[in-house]
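Below is one structure, written out as structure tokens; comments come after it.
Atoms within a ligand are numbered from 1 in the order they appear, just like the ligands themselves.
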Amino acid sequence: MAFSAFRFGPIAIPLEQVFLISKQSYALVNLKPVRPGHVLVATRRPVARFNDLTQSEVLDLFTQAQRVSKVVERVTAAESLTLCIQDGDKAGQSVPHVHLHVIPRFEGDFATNDDIYDALAHQPRVDNHERTPRSPDDMASEALRLREEIGSQWNEIL
Ligand code: AMP
């Protein structure tokens with residue numbers, strides 16, 4: 001089965017920026033990561049809120065999030081991870097499509113540990129120095145690296 005693009009809210013994500021595909025979810029690299037290695041796991045079905053998901057979609061989203069967590073830890077040598085869903089605009093959601101953030105964490109990476117939530121916010125109060133949009137080439141090469149790390153299992157649909 002061939003894919004030209006994945007939906008991410010109103011955005012079309014090219015296959016080159018996707019590094020994991022399951023029956024109900026996919027993982028993509030980030031246009032504006034808060035830190036290198038910050039990636040996203042989204043549902044294939046374009047719905048905005050966590051409560052919109054079926055039980056089977058919840059199971060698949062979190063199963064893929066766990067796979068992605070392992071890969072991100074290996075590739076970045078992260079000591080910990082922040083996993084989070086901003087569920088609704090009042091919670092900071094800027095793309096109205098259910099997605100889970102996977103962010104590598106290191107000792108001292110933010111002045112205060114929870115500053116990461118300010119960095120994630122649409123208009124951060126702290127440290128957004130790396131949040132400039134990346135080039136498609138840069139994003140594609142990160143996705144390729146992550147696919148290679150996952151191996152042939154990166155695409156469960158093919
Ligand atoms: P949230 O604010 O929780 O809805 O998260 C949206 C995430 O999507 C942020 O991490 C953005 O950097 C990321 N993002 C926005 N547009 C794109 C895009 N075209 N490709 C990949 N990631 C994106």
Side-chain angles (χ1 to χ4, degrees), residues 3-22 24-53 57-58 60-73 75-76 78 80-106 109-110 112-150 154-155 157:
F3 301 100
S4 52
F6 286 80
R7 285 266 317 267
F8 184 44
I11 306 161
I13 302 293
L15 179 60
E16 296 74 43
Q17 295 173 12
V18 170
F19 64 92
L20 183 146
I21 304 169
S22 69
Q24 293 174 297
S25 312
Y26 71 101
L28 64 157
V29 297
N30 202 319
L31 180 67
K32 295 189 278 181
V34 298
R35 281 293 183 271
H38 170 193
V39 298
L40 306 169
V41 187
T43 53
R44 301 261 310 265
R45 195 165 64 93
V47 292
R49 299 294 308 277
F50 189 66
N51 274 339
D52 296 330
L53 301 184
E57 284 173 319
V58 170
D60 191 62
L61 183 72
F62 277 82
T63 301
Q64 305 318 319
Q66 191 179 49
R67 289 177 73 200
V68 169
S69 296
K70 288 176 187 160
V71 171
V72 168
E73 284 206 1
V75 166
T76 64
S80 298
L81 298 170
T82 291
L83 304 182
C84 70
I85 296 176
Q86 306 203 101
D87 186 30
D89 58 350
K90 306 300 180 293
Q93 185 181 34
S94 58
V95 178
H97 183 137
V98 178
H99 58 282
L100 186 145
H101 296 256
V102 179
I103 309 165
R105 300 298 308 269
F106 299 91
D109 54 0
F110 288 89
T112 301
N113 194 37
D114 287 353
D115 283 353
I116 191 162
Y117 297 107
D118 276 330
L120 274 171
H122 217 28
Q123 295 178 305
R125 285 179 290 150
V126 298
D127 188 6
N128 65 342
H129 65 285
E130 303 210 9
R131 300 214 68 189
T132 47
R134 300 157 72 204
S135 72
D137 279 356
D138 192 22
M139 293 170 77
S141 70
E142 184 188 10
L144 189 61
R145 167 84 185 89
L146 292 166
R147 281 182 197 178
E148 284 170 355
E149 189 66 28
I150 295 170
W154 78 272
N155 187 339
I157 302 300

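- To the nearest 0.5 angstrom, Leu144 atom CG is 14.0 Å from Met139 atom CE.
- The structure places CG of Leu120 at 11.0 Å from CG of Asp115, a figure rounded to the nearest 0.5 Å.
- Residue contact check: His38 has heavy atoms under 4.0 Å from atoms 10 (O) of ligand 1.
- Ring orientation note: the planes of His97 and Phe8 are tilted relative to one another, at an angle of 30° to 60°.
- Where the criterion is an N or O separation shorter than 3.5 Å, residue side chain and backbone included, Ser94 meets it with respect to ligand 1.
- Contact atoms of ligand 1 toward Gln86: 1 (P), 2 (O), 3 (O) (distance under 4.0 Å to a heavy atom of the residue).
- Both the backbone and the side chain of Gln93 come within 4.0 Å of ligand 1, judged by heavy-atom distances.
- Rounded to the nearest 0.5 angstrom, Ile85 CD1 and Gln93 CD are separated by 9.5 Å.
- Distances from atom 16 (N) of ligand 1 to the heavy atoms of Ile11, Ile13, Asp89 show the closest one on Ile11.
- Proximity of Val34 to ligand 1, defined as any heavy-atom pair under 4.0 Å, is not found for any part of the residue.
- Checking only distances, Gly92 does come within under 3.5 Å of ligand 1, N or O to N or O.
- Below 3.5 Å of separation, one finds an N or O of Leu31 facing an N or O of ligand 1.
- In terms of heavy atoms, Leu81 sits closest to Pro104 at CD2-CA, 3.8 Å.
- Atoms CZ and CD1, on Arg44 and Ile157 in that order, are 5.0 Å from each other to the nearest 0.5 Å.
- For ligand 1, the polar-atom distance check finds an N/O of Val95 within less than 3.5 Å of one of the ligand's N/O atoms.
- Residue-environment remark: CD (Gln66) stays at or below the threshold of 12 foreign heavy atoms within 6.0 Å.
- Closest heavy-atom approach to atom 12 (O) of ligand 1 within the set Ile85, Asn30, Leu100: this belongs to Asn30.
- With His101, His97, Lys32 as candidates, the residue nearest to atom 3 (O) of ligand 1 on a non-hydrogen basis is His101.
- Here Ser25 contributes atom OG and Leu53 contributes atom CG; the two are 8.5 Å apart, rounded to the nearest 0.5 Å.
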